[in-house]
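Below, all heavy atoms of this structure are taken into account, side chains as well, without hydrogens, waters or symmetry copies. All ligand and atom numbering here is 1-based and tracks the order in the structure. Numbering starts at 1 and runs along the sequence shown.
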Amino acid sequence: MDNFLPPVIAIDGPSASGKGSVAERVANYFGFHYLDSGAIYRLLAYAAFQQKVAWSDAEHLAEIASQMQIRFEHGEAYLDGEQVSAHIRTENMGKGASEVAVHPAVRTALFQTQRNFRQAPGLVGDGRDIGSVIFPDAGLKIFLTAAVETRAKRRYDQLIQRGESADYALILADLQQRDLRDSQRAVAPLKQLPDAILLDTTDKNIEQAVNIIIEAFKKAT
Ligand code: DC
């Protein structure tokens, strides 16, 4: 039994593709743990912002990444013991996360942090490199995507629903820029793996996407 590793479902894809909602529901269905890897990069961007460390300063960022205490509990994110969910969910921290994530030293510093989430009875992880770098042996890999205009509209609706101001054109431009940065970077870029199932949710709702993944995992195991 020493060699037994809990199963992993890797869900990678671009920003605002619905990965988070889908991954969390799949995790709940199977009673698995859930790793929101984007939140870890967001926590780092926020920690750096608080310490006035630039998102371009790879060396200091890697240091912060290896020292910061992170924790997720009941869907909330904690940094050094403080609940910071609302702070990391902003558009600005999304941009910051994408910027700090380009540095190889940062990704190396956060590698084991993410691997530690693999606990019995299993894990659903979402991000950009879960299936390619963090858990290349994942039993099921999904590439979850949707047309960029659809993703921008969903993000827009989400912000309006939260009572925040939103500008569709700006959101669209920001998503396009993030897609480019996340997929063009030298280390662990976002890409569809040959062994990943493509799940395009442009014409699908969350429930449909969740059911497809549940069925695919049942079939794969
Ligand atoms: O999924 P998200 O929007 O919360 O992610 C924020 C940023 O973090 C994303 O634009 C790129 C980066 N990220 C990454 O590089 N690798 C991951 N596995 C997850 C997120």
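Here's the thing with D126: none of its N/O atoms is less than 3.5 angstrom from an N/O atom of ligand 1. In terms of N/O distances under 3.5 Å, ligand 1 is not approached by Y41. Any N or O atom pair closer than 3.5 Å counts here, and R178 shares at least one such pair with ligand 1.
For K204 (side chain) and A209 (main-chain N/O), no donor-acceptor pair under 3.5 Å exists by modelled atom type. Q114 places a side-chain N or O within 3.5 Å of a backbone atom of L110 that can act as its donor or acceptor partner. Remark: the backbone N or O of P6 is paired with a side-chain donor or acceptor of R118 at under 3.5 angstrom. For the pair D12 (side chain) and G131 (backbone), a donor-acceptor distance under 3.5 Å is present. A distance-only check finds a donor-acceptor pair linking the side chain of K19 to the backbone of P14 [under 3.5 Å].
The aromatic ring centroids of F30 and F217 lie less than 6.0 Å from each other. For H87 and Y46, the gap between ring centers is short of 6.0 Å.
In terms of protein heavy atoms, atom 20 (C) of ligand 1 is closest to G38 CA, 3.5 Å. Atom 10 (O) of ligand 1 has its closest protein heavy atom at D182 OD2, 2.8 Å. The nearest protein atom to atom 4 (O) of ligand 1, hydrogens excluded, is given as R42 NE, 2.7 Å; this is a heavy-atom distance. Counting protein heavy atoms only, atom 7 (C) of ligand 1 is closest to A97 CB, 3.5 Å. What sits closest to atom 9 (C) of ligand 1 on the protein, heavy atoms only, is R128 NH2, 3.2 Å. Of all protein heavy atoms, the one lying nearest to atom 12 (C) of ligand 1 is A101 CB, 3.7 Å. Of all protein heavy atoms, the one closest to atom 16 (N) of ligand 1 is R107 NH2, 3.0 Å.
Residue contact annotation: R181 has no non-hydrogen atom under 4.0 Å from ligand 1. K95 does not count as a contact of ligand 1, since none of its heavy atoms falls under 4.0 Å from the ligand.
Atoms of ligand 1 found under 4.0 Å from any heavy atom of R185 (numbered from 1 in listed order, with element): 14 (C), 15 (O), 16 (N). Less than 4.0 angstrom separates some heavy atom of S37 from each of these atoms of ligand 1: 17 (C), 18 (N), 19 (C). Heavy-atom proximity to K19, at under 4.0 Å, picks out these atoms of ligand 1: 1 (O). Less than 4.0 angstrom separates some heavy atom of S98 from each of these atoms of ligand 1: 7 (C), 10 (O), 11 (C).
The two atoms that bring F143 and G13 nearest to each other are CE1-CA, 4.3 Å, heavy atoms only.
Contact annotation for R155 and ligand 1: no heavy atom of the residue comes within less than 4.0 Å of the ligand.
The shortest distance between side-chain heavy atoms of S37 and I130 falls below 4.5 Å. The closest side-chain heavy-atom distance from V106 to Y41 is below 4.5 Å.
A donor-acceptor pair shorter than 3.5 Å can be found between the side chains of D200 and T202.
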